[in-house]
Q: 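Shown below is the structure under consideration.
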Protein chains: 2
Amino acid sequence: MEQKIHPQYEARANIIKAIGHPTRLFILEELHRQERCVNELTDMIGSDVSTVSKHLSVLKNAGLVHDEKRGASIYYKLCCPCVLDFIGCIETVLKTNVEKQMNIAQCCGITIAKPEH
Amino acid sequence: MEQKIHPQYEARANIIKAIGHPTRLFILEELHRQERCVNELTDMIGSDVSTVSKHLSVLKNAGLVHDEKRGASIYYKLCCPCVLDFIGCIETVLKTNVEKQMNIAQCCGITIAKPEH
DNA sequence: TGTATATTTGGCAATATAGCCAAATATACA
DNA sequence: TGTATATTTGGCTATATTGCCAAATATACA
(Lines give C-alpha, C1' and ligand atoms only; values in the text may rest on other atoms or scores of the structure.)
Protein backbone atom coordinates (compact mmCIF):
# COMPACT_ATOMS: atom_id res chain seq x y z
CA MET A 1 0.00 0.00 0.00
CA GLU A 2 1.09 3.56 -0.62
CA GLN A 3 3.33 4.98 2.08
CA LYS A 4 2.04 8.53 2.11
CA ILE A 5 -1.63 7.71 2.61
CA HIS A 6 -2.46 8.02 6.31
CA PRO A 7 -3.97 4.91 8.01
CA GLN A 8 -7.02 7.02 8.77
CA TYR A 9 -7.92 6.87 5.08
CA GLU A 10 -7.70 3.10 5.20
CA ALA A 11 -10.08 2.96 8.16
CA ARG A 12 -12.56 5.26 6.47
CA ALA A 13 -12.33 3.36 3.18
CA ASN A 14 -13.10 0.07 4.95
CA ILE A 15 -16.39 1.45 6.21
CA ILE A 16 -17.31 2.97 2.87
CA LYS A 17 -16.43 -0.31 1.13
CA ALA A 18 -18.87 -2.08 3.45
CA ILE A 19 -21.60 0.33 2.32
CA GLY A 20 -20.73 0.07 -1.37
CA HIS A 21 -22.57 -3.10 -2.37
CA PRO A 22 -26.07 -3.25 -3.88
CA THR A 23 -27.40 -5.82 -1.42
CA ARG A 24 -25.81 -4.13 1.56
CA LEU A 25 -27.19 -0.75 0.48
CA PHE A 26 -30.62 -2.35 0.33
CA ILE A 27 -30.15 -3.86 3.80
CA LEU A 28 -29.02 -0.53 5.27
CA GLU A 29 -32.03 1.24 3.82
CA GLU A 30 -34.41 -1.44 5.05
CA LEU A 31 -32.88 -1.36 8.53
CA HIS A 32 -33.22 2.41 8.41
CA ARG A 33 -36.98 1.86 8.07
CA GLN A 34 -37.21 -0.84 10.73
CA GLU A 35 -35.19 -3.58 12.38
CA ARG A 36 -35.27 -6.96 10.64
CA CYS A 37 -34.10 -10.52 11.24
CA VAL A 38 -31.89 -12.45 8.78
CA ASN A 39 -34.86 -14.47 7.58
CA GLU A 40 -36.98 -11.46 6.68
CA LEU A 41 -34.10 -9.83 4.84
CA THR A 42 -33.37 -13.07 2.98
CA ASP A 43 -36.98 -13.22 1.74
CA MET A 44 -36.78 -9.64 0.50
CA ILE A 45 -33.41 -10.09 -1.19
CA GLY A 46 -33.92 -13.52 -2.74
CA SER A 47 -30.43 -14.92 -2.45
CA ASP A 48 -29.09 -17.69 -0.22
CA VAL A 49 -29.47 -17.07 3.50
CA SER A 50 -25.74 -17.68 3.98
CA THR A 51 -25.02 -14.87 1.53
CA VAL A 52 -27.28 -12.49 3.43
CA SER A 53 -25.74 -13.56 6.71
CA LYS A 54 -22.29 -12.76 5.35
CA HIS A 55 -23.41 -9.35 4.14
CA LEU A 56 -24.76 -8.64 7.61
CA SER A 57 -21.47 -9.78 9.06
CA VAL A 58 -19.61 -7.30 6.84
CA LEU A 59 -21.91 -4.50 8.01
CA LYS A 60 -21.51 -5.56 11.63
CA ASN A 61 -17.71 -5.70 11.41
CA ALA A 62 -17.77 -2.20 9.98
CA GLY A 63 -19.80 -1.09 12.99
CA LEU A 64 -22.76 -0.07 10.83
CA VAL A 65 -25.36 -2.42 12.29
CA HIS A 66 -26.06 -3.95 15.64
CA ASP A 67 -27.65 -7.33 16.33
CA GLU A 68 -29.88 -8.45 19.15
CA LYS A 69 -31.07 -11.99 19.81
CA ARG A 70 -34.78 -12.26 20.53
CA GLY A 71 -36.38 -15.70 20.64
CA ALA A 72 -35.15 -17.89 17.84
CA SER A 73 -34.22 -14.93 15.63
CA ILE A 74 -31.50 -12.34 15.54
CA TYR A 75 -32.69 -8.84 14.81
CA TYR A 76 -30.45 -6.36 13.10
CA LYS A 77 -30.76 -2.61 13.31
CA LEU A 78 -28.86 0.38 12.00
CA CYS A 79 -26.23 1.91 14.31
CA CYS A 80 -25.70 5.27 12.62
CA PRO A 81 -28.66 6.36 10.52
CA CYS A 82 -26.47 9.18 9.19
CA VAL A 83 -24.73 6.74 6.83
CA LEU A 84 -27.70 7.02 4.50
CA ASP A 85 -27.79 10.81 4.52
CA PHE A 86 -25.54 11.05 1.51
CA ILE A 87 -27.67 8.86 -0.75
CA GLY A 88 -29.20 12.11 -1.98
CA CYS A 89 -25.77 13.24 -3.11
CA ILE A 90 -25.12 9.91 -4.83
CA GLU A 91 -28.42 10.32 -6.67
CA THR A 92 -27.31 13.77 -7.82
CA VAL A 93 -24.10 12.27 -9.20
CA LEU A 94 -26.10 9.57 -11.02
CA LYS A 95 -28.52 12.10 -12.46
CA THR A 96 -25.67 14.30 -13.67
CA ASN A 97 -24.04 11.26 -15.30
CA VAL A 98 -27.24 10.42 -17.17
CA GLU A 99 -27.59 14.03 -18.33
CA LYS A 100 -24.03 13.96 -19.61
CA GLN A 101 -24.78 10.79 -21.58
CA MET A 102 -27.94 12.35 -22.99
CA ASN A 103 -25.97 15.38 -24.17
CA ILE A 104 -23.38 13.19 -25.86
CA ALA A 105 -26.16 11.21 -27.56
CA GLN A 106 -27.88 14.39 -28.68
CA CYS A 107 -24.66 15.77 -30.15
CA CYS A 108 -24.32 12.52 -32.15
CA GLY A 109 -27.90 12.84 -33.40
CA ILE A 110 -29.10 9.79 -31.48
CA THR A 111 -32.74 9.87 -30.34
CA ILE A 112 -33.50 8.10 -27.08
CA ALA A 113 -36.92 6.57 -26.53
CA LYS A 114 -38.45 7.11 -23.10
CA PRO A 115 -38.97 3.86 -21.18
CA GLU A 116 -42.56 2.54 -21.23
CA HIS A 117 -43.00 2.40 -17.44
CA MET B 1 -26.68 -11.20 -8.93
CA GLU B 2 -29.76 -11.19 -6.71
CA GLN B 3 -33.00 -10.82 -8.60
CA LYS B 4 -34.90 -8.74 -6.08
CA ILE B 5 -32.34 -5.97 -5.72
CA HIS B 6 -33.32 -3.07 -7.97
CA PRO B 7 -30.69 -1.92 -10.53
CA GLN B 8 -30.77 1.47 -8.82
CA TYR B 9 -28.88 -0.07 -5.88
CA GLU B 10 -26.26 -1.34 -8.29
CA ALA B 11 -25.76 2.13 -9.74
CA ARG B 12 -25.48 3.70 -6.31
CA ALA B 13 -23.09 0.99 -5.10
CA ASN B 14 -20.80 1.59 -8.08
CA ILE B 15 -20.35 5.21 -7.08
CA ILE B 16 -19.82 4.38 -3.43
CA LYS B 17 -17.30 1.69 -4.40
CA ALA B 18 -15.36 4.32 -6.32
CA ILE B 19 -15.18 6.43 -3.15
CA GLY B 20 -14.25 3.51 -0.90
CA HIS B 21 -10.51 3.31 -1.40
CA PRO B 22 -7.85 4.98 0.78
CA THR B 23 -6.01 6.62 -2.10
CA ARG B 24 -9.20 7.73 -3.82
CA LEU B 25 -10.54 9.17 -0.57
CA PHE B 26 -7.32 11.14 -0.27
CA ILE B 27 -7.64 12.36 -3.85
CA LEU B 28 -11.25 13.42 -3.34
CA GLU B 29 -10.33 15.37 -0.22
CA GLU B 30 -7.38 17.02 -1.90
CA LEU B 31 -9.48 17.97 -4.93
CA HIS B 32 -12.03 19.34 -2.50
CA ARG B 33 -9.35 21.76 -1.30
CA GLN B 34 -8.09 22.65 -4.78
CA GLU B 35 -7.79 21.26 -8.27
CA ARG B 36 -4.65 19.24 -8.99
CA CYS B 37 -2.90 17.61 -11.91
CA VAL B 38 -1.90 13.92 -11.99
CA ASN B 39 1.72 14.79 -11.34
CA GLU B 40 1.02 16.76 -8.18
CA LEU B 41 -1.25 14.05 -6.81
CA THR B 42 1.36 11.39 -7.62
CA ASP B 43 3.98 13.29 -5.61
CA MET B 44 1.62 13.51 -2.65
CA ILE B 45 0.59 9.86 -2.79
CA GLY B 46 3.93 8.25 -3.51
CA SER B 47 2.86 5.40 -5.76
CA ASP B 48 3.38 4.87 -9.47
CA VAL B 49 1.90 7.55 -11.71
CA SER B 50 0.01 4.88 -13.65
CA THR B 51 -1.67 3.76 -10.45
CA VAL B 52 -2.76 7.31 -9.65
CA SER B 53 -3.95 7.77 -13.22
CA LYS B 54 -6.09 4.67 -12.91
CA HIS B 55 -7.57 5.84 -9.62
CA LEU B 56 -8.47 9.12 -11.29
CA SER B 57 -10.02 7.17 -14.14
CA VAL B 58 -12.19 5.26 -11.66
CA LEU B 59 -13.34 8.53 -10.07
CA LYS B 60 -13.98 10.04 -13.49
CA ASN B 61 -16.02 7.06 -14.69
CA ALA B 62 -18.11 7.32 -11.55
CA GLY B 63 -18.78 10.96 -12.40
CA LEU B 64 -17.08 12.20 -9.24
CA VAL B 65 -14.32 14.26 -10.82
CA HIS B 66 -13.91 16.30 -13.95
CA ASP B 67 -10.71 16.86 -15.91
CA GLU B 68 -9.51 19.82 -17.90
CA LYS B 69 -6.44 19.98 -20.06
CA ARG B 70 -4.31 23.09 -19.50
CA GLY B 71 -0.89 23.27 -21.10
CA ALA B 72 0.98 20.02 -20.73
CA SER B 73 -1.02 18.94 -17.69
CA ILE B 74 -4.49 17.67 -17.00
CA TYR B 75 -6.14 19.22 -14.00
CA TYR B 76 -8.72 17.31 -12.04
CA LYS B 77 -11.40 18.83 -9.87
CA LEU B 78 -14.29 17.59 -7.77
CA CYS B 79 -17.70 17.47 -9.45
CA CYS B 80 -19.94 17.12 -6.39
CA PRO B 81 -18.33 18.40 -3.21
CA CYS B 82 -21.26 16.86 -1.31
CA VAL B 83 -19.65 13.41 -1.58
CA LEU B 84 -17.35 14.34 1.27
CA ASP B 85 -20.12 15.59 3.53
CA PHE B 86 -20.59 12.19 5.10
CA ILE B 87 -16.98 11.78 6.19
CA GLY B 88 -18.12 13.18 9.54
CA CYS B 89 -20.56 10.32 9.88
CA ILE B 90 -17.88 7.79 8.95
CA GLU B 91 -15.66 9.28 11.65
CA THR B 92 -18.49 8.84 14.15
CA VAL B 93 -18.75 5.17 13.21
CA LEU B 94 -14.99 4.77 13.60
CA LYS B 95 -15.00 6.50 16.98
CA THR B 96 -17.86 4.33 18.21
CA ASN B 97 -16.00 1.22 17.06
CA VAL B 98 -12.91 2.24 19.02
CA GLU B 99 -15.00 2.94 22.10
CA LYS B 100 -16.59 -0.50 21.82
CA GLN B 101 -13.11 -2.07 21.65
CA MET B 102 -12.01 -0.06 24.65
CA ASN B 103 -15.01 -1.28 26.65
CA ILE B 104 -14.29 -4.88 25.74
CA ALA B 105 -10.66 -4.41 26.75
CA GLN B 106 -11.68 -2.79 30.03
CA CYS B 107 -14.07 -5.64 30.81
CA CYS B 108 -11.17 -8.07 30.31
CA GLY B 109 -8.94 -6.03 32.61
CA ILE B 110 -6.63 -4.93 29.82
CA THR B 111 -5.00 -1.51 30.26
CA ILE B 112 -4.32 0.44 27.10
CA ALA B 113 -1.44 2.88 26.97
CA LYS B 114 -2.11 6.20 25.29
CA PRO B 115 -0.03 6.76 22.16
CA GLU B 116 2.97 9.08 22.63
CA HIS B 117 2.06 11.53 19.88
C1' DT C 1 -34.75 -35.72 24.08
C1' DG C 2 -36.03 -35.14 19.25
C1' DT C 3 -37.40 -32.13 15.52
C1' DA C 4 -38.13 -27.87 13.17
C1' DT C 5 -36.47 -23.30 12.52
C1' DA C 6 -32.84 -19.65 12.44
C1' DT C 7 -28.28 -18.35 11.73
C1' DT C 8 -23.36 -18.82 11.01
C1' DT C 9 -19.18 -20.98 9.25
C1' DG C 10 -16.05 -23.48 6.04
C1' DG C 11 -14.83 -24.27 1.62
C1' DC C 12 -14.75 -23.60 -3.10
C1' DA C 13 -14.90 -21.38 -7.86
C1' DA C 14 -15.73 -17.28 -10.39
C1' DT C 15 -14.93 -12.63 -10.76
C1' DA C 16 -13.17 -8.03 -9.58
C1' DT C 17 -9.69 -5.00 -7.90
C1' DA C 18 -5.02 -3.12 -7.17
C1' DG C 19 -0.55 -1.90 -8.32
C1' DC C 20 3.54 -2.35 -10.84
C1' DC C 21 6.31 -2.12 -15.27
C1' DA C 22 6.73 -1.13 -20.00
C1' DA C 23 4.98 0.99 -23.86
C1' DA C 24 1.99 4.21 -26.23
C1' DT C 25 0.19 8.81 -26.71
C1' DA C 26 0.04 13.76 -26.26
C1' DT C 27 1.94 18.25 -25.50
C1' DA C 28 5.50 21.96 -24.92
C1' DC C 29 9.29 24.00 -26.43
C1' DA C 30 14.10 24.43 -28.09
C1' DT D 1 11.89 17.95 -36.04
C1' DG D 2 13.82 16.19 -31.71
C1' DT D 3 13.62 15.92 -26.75
C1' DA D 4 11.66 16.37 -22.25
C1' DT D 5 7.53 16.17 -19.64
C1' DA D 6 2.73 14.55 -18.62
C1' DT D 7 -0.63 11.14 -18.85
C1' DT D 8 -2.91 6.93 -20.26
C1' DT D 9 -3.14 2.14 -21.68
C1' DG D 10 -1.97 -2.87 -21.91
C1' DG D 11 -0.55 -6.65 -19.62
C1' DC D 12 0.57 -9.21 -15.82
C1' DT D 13 0.39 -11.13 -10.97
C1' DA D 14 -1.29 -10.96 -6.41
C1' DT D 15 -5.02 -10.34 -3.57
C1' DA D 16 -9.89 -9.54 -2.22
C1' DT D 17 -14.70 -10.17 -2.87
C1' DT D 18 -18.86 -12.58 -3.92
C1' DG D 19 -22.15 -16.15 -3.77
C1' DC D 20 -23.33 -20.75 -3.60
C1' DC D 21 -23.61 -25.40 -1.19
C1' DA D 22 -23.01 -28.26 2.71
C1' DA D 23 -22.29 -28.62 7.38
C1' DA D 24 -22.15 -26.84 12.03
C1' DT D 25 -24.34 -24.36 15.74
C1' DA D 26 -28.08 -22.41 18.43
C1' DT D 27 -32.75 -22.00 19.91
C1' DA D 28 -37.76 -23.17 20.55
C1' DC D 29 -40.92 -26.22 21.62
C1' DA D 30 -43.53 -30.64 21.45
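Small disclaimer: the values here were computed from a predicted structure and weren't measured. Convention: sequence-line order gives letters A, B, ...; per-chain numbering from 1.
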Q: Which part of the nucleic acid does Val49(B) contact within heavy-atom distance under 4.0 Å: base, sugar-phosphate only, or nothing?
A: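 Answer is base: heavy atoms of Val49(B) come under 4.0 Å of a base.
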
Q: Contacts to DNA chain C from residues 66-78 of chain A, heavy-atom cutoff under 4.0 Å, which residues?
A: Ala72(A), Ser73(A), Ile74(A), Tyr76(A)

Q: Report the nucleotide, chosen from dC21(D), dC21(C), dT7(C), that has the shortest atom-to-atom distance to any side-chain atom of Ser50(B).
A: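 Nearest listed nucleotide: dC21(C).
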
Q: Return yes if some donor-acceptor pair links the side-chain N/O of Ser57(A) with the main-chain N/O of Ser53(A) below 3.5 Å, else return no.
A: no

Q: What is the distance, to the nearest angstrom, from the NE2 atom on His21(B) to the P atom on dT15(D)?
A: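 Interatomic distance, NE2 of His21(B) to P of dT15(D): 15 Å.
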
Q: May I ask you to check whether the SG atoms of Cys80(B) and Cys89(A) are separated by less than 2.5 Å?
A: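 Cys80(B) does not pair with Cys89(A) as a disulfide (SG atoms not under 2.5 Å apart), so no.
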
Q: Calculate the interatomic distance between Leu56(A) atom CG and dG19(D) atom C1'; express it in whole Å.
A: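 After rounding, the gap between these two atoms is 14 Å.
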
Q: Assess whether a salt bridge exists between Lys17(B) and Glu10(B), defined as any Lys/Arg side-chain N lying under 4.0 Å from an Asp/Glu carboxylate O.
A: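 The answer is no: the pair does not qualify as a salt bridge.
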
Q: Among dT9(D), dT17(C), dT9(C), which nucleotide sits nearest the side chain of Lys17(B)?
A: dT17(C)

Q: Check DNA chain C for consecutive Watson-Crick or G-U pairs with both distances under 3.5 Å and list the runs of at least three as stems.
A: C:1-30 with D:1-30

Q: What is the separation between atom CG on Asp48(A) and atom C1' on dT18(D), rounded to the nearest whole Å?
A: 12 Å

Q: Could you state the CG-P distance from Asn39(A) to dT27(D), rounded to the nearest angstrom?
A: 16 Å

Q: Heavy-atom nearest nucleotide on DNA chain D for Val38(B) versus Gly20(A): which residue maps closer to 5'?
A: Val38(B)

Q: In whole angstroms, how far is the P atom of dT8(D) from the NZ atom of Lys54(B)?
A: 11 Å

Q: Specify the separation, in whole Å, of atom CZ of Arg24(B) and atom P of dA16(C).
A: 15 Å

Q: Would you confirm whether Arg24(B), through its side chain, and Ala18(B), through its main-chain N or O, come within 3.5 Å as a donor-acceptor pair?
A: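 Judged by distance alone, yes, a pair lies under 3.5 Å.
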
Q: Are any side-chain N or O atoms of Thr92(A) and backbone N or O atoms of Gly88(A), one a donor and one an acceptor, separated by less than 3.5 Å?
A: yes

Q: Apply side-chain contact (heavy atoms from CB on, under 4.5 Å) to Ile45(A) and Ile27(A), showing your working.
A: CA-CA 9 Å; Ile45(A) 291 164; Ile27(A) 292 172; 3.7 Å; yes

Q: Which atoms form the tightest heavy-atom contact between Ala11(A) and Leu94(B), and what is the distance?
A: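 That closest heavy-atom pairing would be CB-CD2, 3.7 Å.
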
Q: Rounded to the nearest Å, what distance is computed from the CD1 atom of residue Ile27(B) to the P atom of nucleotide dT7(D)?
A: 12 Å

Q: Between atom CG in Leu41(A) and atom P in dT8(C), what is the gap in whole Å?
A: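 From Leu41(A) CG to dT8(C) P: 11 Å.
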
Q: Compare every heavy atom of Tyr76(B) with every heavy atom of Leu31(B), then report the nearest pair and how far apart it is.
A: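 Of all heavy-atom pairs spanning Leu31(B) and Tyr76(B), the closest is CD2-O, 3.4 Å.
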
Q: Hey, is the side chain of His55(B) poking within less than 4.0 Å of OP1 or OP2 on dT17(C), counting only N and O atoms?
A: no

Q: Going by an N to O cut-off under 4.0 Å, is there a salt bridge joining Arg70(B) and Glu35(B)?
A: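 Yes, charged N to carboxylate O under 4.0 Å.
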
Q: When you check the phosphate oxygens OP1 and OP2 of dG19(D), does a side-chain N or O of Thr51(A) lie under 4.0 Å from one of them?
A: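 The answer is no; no side-chain N or O of Thr51(A) sits under 4.0 Å from OP1 or OP2.
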
